[in-house]
There are 2 protein chains.
Amino acid sequence: MGKSGGPSRDRIVAGAADLISRRGLNATSIRELARHADAPLGSTYHYFPDGKQQLATEAVRYAGASVERLLRKELAAGPAAGLRAFLGLWRGIVVASDFRAGCPVLAVAVEEPPPGEEIPRALTAAAEAFEGWEDLLAASLREHGADPARAADLATLVVASAEGAIAMCRARRDIAPLDRVSRHLEALIATALDGPPTEG
Amino acid sequence: MGKSGGPSRDRIVAGAADLISRRGLNATSIRELARHADAPLGSTYHYFPDGKQQLATEAVRYAGASVERLLRKELAAGPAAGLRAFLGLWRGIVVASDFRAGCPVLAVAVEEPPPGEEIPRALTAAAEAFEGWEDLLAASLREHGADPARAADLATLVVASAEGAIAMCRARRDIAPLDRVSRHLEALIATALDGPPTEG
DNA sequence: GCTAGACTATGACGATCGTTATAACCAGTG
DNA sequence: CACTGGTTATAACGATCGTCATAGTCTAGC
């Protein structure tokens with residue numbers, strides 16, 4: 001098949017993204033990741049010779065790219081549609097998992113890098129995922145008439161509040177925080193497009 | 001001394017809050033928690049006979065109460081001052097730790113509860129901490145003339161976006177996301193107090 | 001001095017961790 | 001048939017995990 005791996009490799013990556021989003025990175029073992037994807041332990045080290053760090057990095061990149069793909073598609077209908085799709089995606093994941101799963105990018109972002117100077121690749125991948133989402137949102141906002149100076153701020157607020165709300169929902173086992181944030185964000189986007197606030 | 005524990009007990013709890021905020025709950029061992037507080041391992045099981053779960057719960061409650069105390073104090077000068085203190089607190093922690101520490105409540109909130117029906121006490125404590133902060137902010141907003149129906153939404157947005165921004169800052173090793181969110185939130189609070197938006 | 005009770009020190013228990021090594025399977029090609 | 005290269009199976013390495021048990025060291029009050 002494709003020279004870069006068969007279907008089980010992809011299953012491992014996707015499963016890792018899901019399991020990391022539930023348990024956190026450092027708390028998830030390679031054995032659990034393999035079991036979760038119905039793959040043998042030996043295969044994980046076959047496909048990912050650099051071990052856990054490599055698998056985690058690819059899982060984060062996979063999740064980041066998936067969201068980015070959805071975002072790019074839905075933003076074609078405007079920032080409001082993109083925002084709704086973004087928030088709806090997370091809402092679906094949180095509810096479908098009965099508040100057990102969240103965002104794998106967030107899970108990686110909240111863990112301390114090892115004491116050495118080296119910054120783990122997975123953490124860098126998490127930063128890139130966040131930035132990718134922000135950039136798409138900000139560009140769409142600007143294209144639809146939002147104040148360019150505030151577009152980036154608003155995009156950061158959207159990503160940050162979505163991520164935070166996901167965590168709050170999981171703690172409370174209640175989707176209300178995400179819904180409250182969604183309502184507020186949709187209003188914000190609407191006013192950002194209609195009339196830029198008095199700046200001077 | 002006090003019947004409920006000496007100074008080293010408090011050191012262990014405070015140290016646990018810090019270490020959990022860096023490494024995550026499941027990824028932090030009791031031995032590390034003891035070492036971090038310069039306390040012997042035996043002492044952790046002496047002060048916290050129910051083990052890791054009890055220590056984690058107390059650490060989350062400690063962090064939640066600390067922030068709540070600060071918030072209550074600063075909100076006396078109005079919602080804008082409270083917001084600034086809240087965001088400034090996190091900013092200080094993130095910057096002072098060189099992007100290694102974050103919010104222990106968030107760290108606990110993003111981890112999956114065990115398969116049984118029992119919800120870990122630490123997770124419940126995390127939910128209560130978030131709610132405590134939200135309630136204080138919402139009450140202050142209402143007291144200062146904000147639309148009561150939107151006060152709760154705005155308070156949730158503040159907490160969610162702060163938590164999310166902290167994680168984004170750690171991933172990027174850059175304080176900019178939190179600063180961007182802060183700027184936006186301060187503007188939001190200002191308009192919420194001045195003129196409630198056209199509701200329709 | 002002596003005892004009581006709070007704290008600490010030490011070591012162990014089975015389990016699991018990340019990782020590696022080695023051997024077995026199993027598809028295709030000759 | 002043999003052979004080869006990608007995949008899986010199995011076992012093991014030292015290290016660390018959460019927890020417990022036991023014994024030691026303190027300090028207070030008699």
Side-chain angles (χ1 to χ4, degrees), chain A residues 1-16 19-20 22-60 107-108 111-116 118 120-123, chain B residues 1-16 19-20 22-60 107-108 111-116 118 120-123:
Chain A
M1 310 298 171
K3 67 176 68 146
S4 63
S8 64
R9 203 193 118 106
D10 296 343
R11 260 210 340 271
I12 294 175
V13 172
L19 205 48
I20 288 172
R22 298 170 182 263
R23 303 240 235 275
L25 173 55
N26 291 330
T28 305
S29 73
I30 295 257
R31 287 171 176 84
E32 285 174 322
L33 292 175
R35 233 189 332 264
H36 193 64
D38 275 317
L41 173 61
S43 293
T44 63
Y45 281 94
H46 174 74
Y47 290 119
F48 312 94
D50 289 347
K52 193 178 183 178
Q53 186 61 230
Q54 182 186 0
L55 179 45
T57 304
E58 297 209 22
V60 170
V108 168
E111 302 207 359
E112 182 178 50
E118 287 279 354
R121 282 195 288 265
L123 192 58
Chain B
M1 308 301 171
K3 68 177 64 147
S4 64
S8 62
R9 204 194 117 105
D10 297 344
R11 261 210 339 271
I12 294 175
V13 173
L19 205 48
I20 288 172
R22 297 170 182 263
R23 304 241 234 275
L25 173 53
N26 290 331
T28 305
S29 73
I30 295 255
R31 287 171 176 83
E32 284 175 321
L33 292 176
R35 236 191 328 267
H36 193 64
D38 275 319
L41 173 61
S43 293
T44 64
Y45 281 93
H46 175 73
Y47 290 119
F48 312 94
D50 289 346
K52 192 178 184 179
Q53 186 62 231
Q54 182 187 0
L55 179 45
T57 304
E58 296 209 23
V60 171
V108 168
E111 302 207 357
E112 181 178 50
E118 286 279 354
R121 283 194 287 266
L123 192 57

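In what follows, every heavy atom counts, from backbone to side chain, and hydrogens, waters and symmetry copies are set aside. Every chain is numbered from 1 and lettered A, B, ... according to where its sequence line falls, protein lines coming before strand lines.
Rounded to the nearest 0.5 angstrom, A:Arg9 CZ and A:Glu58 CD are separated by 4.0 Å. The CG atom of A:Leu33 lies 10.0 Å from the CG atom of A:Leu41; values are rounded to the nearest 0.5 Å. The line from CG of A:Leu19 to OG of A:Ser29 is 8.0 Å long, rounded to the nearest 0.5 Å. Expressed to the nearest 0.5 Å, how far OG1 of A:Thr44 lies from CZ of A:Arg35 amounts to 11.5 Å. If you take CD on B:Gln53 and CG on B:Leu123, they are separated by 9.0 Å, rounding to the nearest 0.5 Å.
A donor-acceptor pair under 3.5 Å is formed between the side chain of B:Arg11 and the backbone N or O of B:Ala37. No donor-acceptor pair closer than 3.5 Å links the side chain of A:Arg121 to the backbone N or O of A:Thr57.
Between the P atom of D:dG18 and the CZ atom of B:Phe48 lies a distance of 15 Å, rounded to the nearest Å. Atom P of nucleotide D:dC20 and atom OH of B:Tyr45 are separated by 7 Å, given to the nearest angstrom. If you take CG of A:Asp50 and C1' of C:dG18, they are 13 Å apart, rounded to a whole angstrom. Rounding to whole angstrom units, CZ of residue A:Arg9 and C1' of D:dT8 are separated by 17 Å. Atoms NE2 (B:His46) and P (C:dC7) sit 4 Å apart, rounded to a whole Å. In this structure, CG of B:Leu33 is placed 10 Å from P of D:dC17, rounded to the nearest angstrom. The separation between B:Arg35 atom CZ and C:dT8 atom P is 16 Å, rounded to whole Å. Distance A:Gln53 CD to C:dC17 P: 18 Å, rounded to the nearest Å.
DNA chain D lies under 4.0 Å from at least one heavy atom of each of the following residues of residues 22-31 of chain B: B:Thr28, B:Ser29, B:Ile30, B:Arg31.
Remark: of the listed residues B:Lys52, B:Arg23, B:Arg22, B:Arg23 is the sole one forming a salt bridge (charged side-chain N to carboxylate O under 4.0 Å, His left out) with B:Glu32.
The C1' atoms of five pairs define one axis at each end of the helix from C:dG1-D:dC30 to C:dG30-D:dC1, and these two axes lie 10° apart (to 10°).
Taking every side-chain heavy atom of A:Ser8 into account, D:dT8 is the closest of D:dT8, C:dG18, D:dC17. Here C:dG11 is the nucleotide among C:dT8, C:dG11, D:dT7 with the atom lying nearest to any side-chain atom of B:Leu41. Looking at the side chain of A:Pro40, the nearest of the listed nucleotides C:dC7, D:dA9, D:dG6 is D:dA9.
Of the two residues near DNA chain D, B:Gly51 and A:Ala39, the one whose nearest nucleotide lies more 5' is A:Ala39.
B:Ile20 and B:Val108 make their closest contact through CG2-CG2, 4.1 Å (heavy atoms, listed as atom of the first residue, atom of the second, distance).
Here A:Ser43 does not reach the OP1 or OP2 of D:dT7: none of its side-chain N or O atoms lies under 4.0 Å away.
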